[in-house]
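What follows is a single structure, written as structure tokens, with notes after it.
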Amino acid sequence: MEEAKATSNFIKKIIIDDLESGKHKKITTRFPPEPNGYIHIGHAKAIIINFDLAEEFGGKTNLRFDDTNPVKEDVEYVESIMNDIKWLGYEWDSLHYASDYFDEMYDRAMILVKKGLAYVDDSTPEKISEDRGTLTKTGIENKYRKRSIEDNIDLFTRMKNGEYEDGSRVLRAKIDMGSPNINMRDPIIYRIAHKTHHQTGDKWCIYPMYDFAHPLEDAIEGITHSLCTLEFEDHRPIYDWFVENCDMEAVPRQIEFARLEMTNTVMSKRKLKQLVDEKVVDGWDDPRLPTISGLRRRGYTAEAIKDFARAVGVSKSNSLIDSMMLEHFVREDLKLKSPRTMAVINPLKVTITNYDENEFELLEAENNQENKEMGTRMIPFSNEIYIEKEDFIEESPKKWKRLYPGAEVRLKHAYFIKCNEVIKDENGEIIELKCTYDPMTKSGSGFKERKPNGTIHWVEAKKAVPAEFRLYDSIIDEDGELNKESLVVTHGFVEENMKDSKPIDKYQFFRHGYFAVDSKDTKEGRLVFNRIVPLKSSYRMK
RNA sequence: UGGGGAUUGGCCAAGUAGGUUAAGGCAACGGACUUUGACUCCGUGAUCAUAGGUUCAAAUCCUGUAUCCCCAGCCA
């Protein structure tokens, strides 16, 4: 499709400025996830912005795992993140780990110590917090702040050598305890954690904090434009302070933008992890989650996600995107790519009384009327078929365009049928319809003498293949509570020729929307379909 | 009684060295078409948070006010 590149935005203007002024010849961006969970569509937005920007201006983009806190991280996550980025269709210029720079970071911290710009603080966490002051109360300097450079060199070296307990000491930057920006009140730059790191093993027992590590990582890699989300605006002064005082040659520039928020879903890693850990969902790739792996399993395409992110744009205002927008781009992308096929997700048996029960015929059906290149297929027809329960009603409302007693409708790709008799069980449930068909009305015959009361889909009963259908709804409702009906499962039938469908194959089922074969639960002889998105307003009665 | 951001139609979002009827997308609502109530096609909405000011002229400049978001992890 003719999607527009990201609309013009403030980040582009900054880049163009920096390029035109000669500040940079090439730009370099980076995507710096912490490997502490699976990435979601919000991360995808950041990935797309970073890669698209670099591509548009002839630069490059690095992937860097910001693994400065071994307590929360795991290799499982680094693998899933790489996999998801590739699936989105991006290739990073080079791969890095913040932990690759631990030696250099330590040396740079020592530069700070030697300049008298960092000190070892022996205070308890509680004391540090107390001395930091509050939003309206200024912070106060403690006695450790006055330690000599020699003592600090010695103490910091011992910290690194593992002579102290976790939490007993920290290294702090000496900036300004009286700053109105709390983040500048002598931020902690190293903490002690005797914990095995997933990349560096037991080499280190002190780990750098984000505020210190991130600007150095960017500078070391020669990142020119370091994009992050709005909550880091307050951190920009620290970012610049470390780049300058650690004598970094390269001077990266931090630019903040609003994170993606969407209606009816959960976009916080913490909450997603909770849903996974408490087994409320199937795993990080549950089709109801906005994780990349969940969206992929559900059947969303990378193209659709990219088109969506580009359409949403980039700005600095906190916004809540209507998830209808995402659904739109998924339908748009699938429209010409997926075959239209018939599936009955809530079957009602129909016997065609004037069709010979020993007879059998094959009808030609187009795979996609909007994309003739997809060709045609042959589908069986006989005296026994299934139609959708919802397509029959005993008392027809005014604008009902489907079947009811006495009415005639077209079976898609086949004949007109007319309902003559309704069969119910002892509970009054409709279990079968007796209909007659009109051979004159065969699809493609050009029959025009009568107009049917609509067109409905069906599958031939004797050869139909059983399948399970999973219909998803928002994981949370309007009140932000967990939606207990976020998954509805039904059992029905699909066309015979779909029995060899492969996981992730996508189809449009008439009136029900787009479906993908589930990649986890579809096994030999068992077909499971995830509904990707419903068709727009498909069942609404005007 | 701190600091940093934001505020353009229901949801996003262009537009900011002031100057014709304030782009576009999503949603909604009409109508046409239709062998999917889909698709497609046509049509419909804002004076730019608010109050003043500067100007021949302001969403764009100035001043005040309101509302929302972020910051007091040895998380990122």
Side-chain angles (χ1 to χ4, degrees), chain A residues 3-4 7-9 32-34 36 66 68-69 71-73 121 123-125 128-130 132-139 166-172 179-185 187-193 206-207 209-211 213-214 228-237 256 258 262-263 269-270 307-308 310-329 331 335-336 340 342 365-366 369-370 399-402 409-414 416 441 443-444 447 452 454-457 508-513 534-542:
Chain A
E3 45 73 30
T7 50
S8 133
N9 66 60
E34 181 188 17
N36 65 347
D66 209 357
T68 57
N69 184 4
V71 177
K72 293 183 166 187
E73 300 152 6
D121 193 328
S123 308
T124 61
I128 288 179
S129 174
E130 188 187 329
R132 188 153 35 220
T134 67
L135 298 179
T136 52
K137 199 175 79 187
T138 187
D166 289 6
S168 62
R169 268 162 249 255
V170 290
L171 182 71
R172 292 229 255 169
S179 173
N181 179 351
I182 294 182
N183 299 296
M184 295 293 270
R185 319 235 260 232
I188 291 169
I189 60 185
Y190 264 98
R191 77 281 218 179
I192 302 171
I206 57 171
Y207 292 95
M209 300 286 289
Y210 170 88
D211 279 329
H214 209 88
C228 64
T229 44
L230 251 27
E231 66 269 28
F232 293 105
E233 284 179 311
D234 286 344
H235 297 240
R236 199 186 325 135
E256 311 84 11
M262 286 207 298
T263 57
K269 234 191 230 176
R270 201 196 100 249
D307 289 345
F308 164 75
R310 289 165 182 150
V312 162
V314 187
S315 78
K316 295 191 69 153
S317 63
N318 295 102
S319 54
L320 183 63
I321 312 297
D322 194 328
S323 29
M324 300 283 256
M325 180 102 83
L326 210 208
E327 294 188 359
H328 164 81
F329 285 100
R331 289 190 199 100
K335 189 163 61 190
L336 299 178
R340 312 302 162 82
M342 299 200 284
E366 282 180 303
Q369 281 159 296
E370 293 168 59
K399 300 205 172 179
W400 182 251
K401 287 185 63 179
R402 290 172 252 167
V409 298
R410 172 179 287 287
L411 292 177
K412 179 77 182 172
H413 300 308
F416 286 12
T441 59
S443 183
F447 181 83
T455 300
I456 64 173
H457 57 271
Q508 186 197 101
F509 292 170
F510 291 122
R511 192 135 66 231
H512 285 297
L535 249 35
K536 205 172 149 187
S537 314
S538 67
Y539 268 112
R540 193 187 58 228
M541 303 256 286
K542 287 185 181 172

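Residue numbering restarts at 1 for every chain, and letters A, B, ... go by the order of the sequence lines.
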Legend entry - Who pairs with B:U65 - Watson-Crick or G-U, where each distance is under 3.5 Å: B:A49
Inset, instruction - Taking syn as within 90° of 0 and anti otherwise, name the glycosidic form of B:G73. - result: syn
Inset, instruction - Specify the separation, in whole Å, of atom CZ of A:Phe308 and atom C1' of B:C26. - result: 10 Å
Legend entry - Closest to the A:Ser319 side chain, choosing from B:C12, B:G2, B:U36: B:C12
Legend entry - Criterion side chain to side chain donor-acceptor pair (under 3.5 Å) against A:Arg340, the qualifying member of A:Glu370, A:His413, A:His457, A:Gln369: A:Glu370
Inset, instruction - Write down the partner of B:U34 under the Watson-Crick or G-U wobble criteria, each distance required to be under 3.5 Å. - result: none
Legend entry - Nearest-neighbour nucleotide for the A:Arg132 side chain, B:C74, B:G2, B:A76 considered: B:C74
Inset, instruction - State which of B:C74, B:C12, B:A76 makes the closest approach to the side chain of A:Ile321. - result: B:C12
Inset, instruction - Would you mind classifying the nucleic acid contact of A:Thr68 as base, sugar-phosphate or nothing, using non-hydrogen atoms under 4.0 angstrom? - result: sugar-phosphate
Inset, instruction - Look at the side chain of A:Asn183 and decide which nucleotide, out of B:C12, B:A76, B:C71, has an atom nearest to it. - result: B:C71
Inset, instruction - Provide the distance between the two C1' atoms, one in B:A28 and one in B:C12, to the nearest whole Å. - result: 15 Å
Legend entry - Among B:A76, B:U34, B:C26, the nucleotide that comes nearest once only the side chain of A:Arg191 is considered: B:A76
Legend entry - Given B:C75, B:U40, B:A27, the nucleotide with the shortest approach to the side chain of A:Met209: B:C75
Legend entry - A:Ile128 and A:Arg172, any side-chain heavy atoms less than 4.5 Å apart: yes
Inset, instruction - Using both distances under 3.5 Å as the test, list the Watson-Crick or G-U wobble partner of B:A59, or none. - result: none
Legend entry - Nearest-angstrom distance, C1' atom, B:U47 to B:G43: 23 Å
Inset, instruction - Looking at every strand, decide which applies to A:Thr441 at a 4.0 Å heavy-atom threshold: base, sugar-phosphate, or nothing. - result: nothing
Legend entry - Given B:G3, B:C39, B:A13, the nucleotide with the shortest approach to the side chain of A:Asn181: B:G3
